[in-house]
Amino acid sequence: MPESTSRTAFALVLAAALGVFVLTSAVSANAARTPTPEATQIVTFVDDDARLVIGFAAPLPGVPDKIGLAVVCGRDERSLYAALFFGFFPDGKPVQATVRDPAGQTMRLGPRVLGSRFSGFHDPEVHDRNDVLRLMKMAFADGALLGNGHNAVRNRIPDADNREARRRLLDCAGERR
């Protein structure tokens, strides 16, 4: 199977694992007015001979969507990429993945996208290794905010758990700390 097909298929599996479902814009618009969801625990989605996938997610109030982040390490090639899940976004609304660390430093990820009746979900992937490493450092921190201008999730996971998630991913990817 080609690498891009493999990644796309894996991203779809992650989306299903995070509980992402198609919604109407009216339902999603109501969710946007609720308090920012908070992730309270690190999740190891996959830990086998081929991959390590670690992230966090939180449900959007009132809808079956979960939003969050999954960082994927391919063990053989020591590759890294990140899949972000923000759920549905409405027609005419511009969104772009952004992470803000607890100190207020901000990083924008991927292109700015304008919602249309065909757009569905905002689920960007980050493939540049340096961007993934920076994203991990910023997002895996208590108080970090991961958002897209429509939906957001705040990391409320203890610092020790965030550090352990980063350590495991860095070890898998062969990165020196």
Spacing of [X] atom [atom1] and [Y] atom [atom2] [to the nearest 0.5 Å]:
{"X": "Phe86", "Y": "Asn151", "atom1": "CZ", "atom2": "CG", "result": "8.5 Å"}
{"X": "Cys172", "Y": "Arg167", "atom1": "SG", "atom2": "CZ", "result": "11.0 Å"}
{"X": "Leu80", "Y": "His127", "atom1": "CG", "atom2": "NE2", "result": "11.5 Å"}
{"X": "Ile42", "Y": "Asn155", "atom1": "CD1", "atom2": "CG", "result": "6.0 Å"}
{"X": "Leu133", "Y": "Met138", "atom1": "CG", "atom2": "CE", "result": "13.0 Å"}
{"X": "Arg112", "Y": "Asn148", "atom1": "CZ", "atom2": "CG", "result": "11.5 Å"}

For residues [X] and [Y], report the shortest heavy-atom separation together with the two atoms involved.
{"X": "Leu114", "Y": "Pro94", "result": "CD1-N, 3.8 Å"}
{"X": "Ala97", "Y": "Pro124", "result": "CB-CG, 3.9 Å"}
{"X": "Gly87", "Y": "Ile67", "result": "N-CG2, 4.0 Å"}
{"X": "Gly143", "Y": "Pro102", "result": "C-CG, 4.0 Å"}
{"X": "Ala139", "Y": "Leu69", "result": "CB-CD2, 3.7 Å"}
{"X": "Pro37", "Y": "Pro59", "result": "CB-O, 3.3 Å"}

- Query: For Arg129, what residues pass the salt bridge (Lys or Arg N to Asp or Glu O under 4.0 Å) criterion, not counting sequence neighbours?
  - Reply: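 With neighbours one apart ignored, the set is Glu175.
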For this session: Could you check whether the rings of Phe89 and His122 sit parallel, tilted or perpendicular, using 30° and 60° as the cut-offs?
Result: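 Perpendicular: the ring planes of Phe89 and His122 meet at over 60°.
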message: Does Gln41, at its CD atom, have more than 12 non-hydrogen atoms belonging to other residues, nucleotides or ligands within less than 6.0 Å?
response: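 No, because the 6.0 Å sphere around CD of Gln41 holds 12 heavy atoms or fewer from other groups.
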Would you mind reporting whether [Y] and [X] have side-chain heavy atoms less than 4.5 Å apart?
{"X": "Val99", "Y": "Arg134", "result": "no"}
{"X": "Glu125", "Y": "Leu84", "result": "no"}
{"X": "Pro90", "Y": "His150", "result": "yes"}
{"X": "Leu52", "Y": "Leu169", "result": "yes"}
{"X": "Ile157", "Y": "Phe56", "result": "yes"}

**Q.** Cationic N near anionic O, under 4.0 Å, Arg156 to Asp142
**A.**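 Here Arg156 pairs with Asp142 in a salt bridge, since their nearest N and O are under 4.0 Å apart.
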Assigning hydrophobic clusters by single linkage (Ile, Leu, Val, Met, Phe, Trp, Tyr; side-chain heavy-atom cutoff under 4.5 Å), is Leu145 placed with Met107?
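Per the 4.5 Å side-chain linkage, Leu145 and Met107 are not co-clustered.
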Exercise for the section: Would you mind listing every side-chain hydrogen bond (donor to acceptor under 3.5 Å, both in side chains) that reaches into residues 96-108, with sequence neighbours excluded? Expected result: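 Of all non-adjacent pairs touching residues 96-108, those that pass side-chain hydrogen bond (donor to acceptor under 3.5 Å, both in side chains) are Thr98-Arg108.
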Could you walk me through whether Ile54 and Val71 pass the side chain to side chain contact (heavy atoms under 4.5 Å, CB included) check? CA-CA 5 Å; Ile54 297 177; Val71 178; 5.7 Å; no
Practice task
Could you walk me through whether Asp48 and Arg75 pass the salt bridge (charged side-chain N to carboxylate O under 4.0 Å, His left out) test, one step at a time?
Solution key: CA-CA 9 Å; Asp48 61 22; Arg75 293 191 189 276; 5.3 Å; no
inquiry  = Checking the side chain of Asp65 only, and the main-chain atoms of Leu60 only, is there a donor and an acceptor separated by less than 3.5 Å?
reply    =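 Not a single qualifying donor-acceptor pair exists.
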Check: Can Arg168 and Asp47 be said to form a side chain to side chain contact (heavy atoms under 4.5 Å, CB included), step by step?
Finding: CA-CA 10 Å; Arg168 289 178 64 203; Asp47 187 358; 3.0 Å; yes
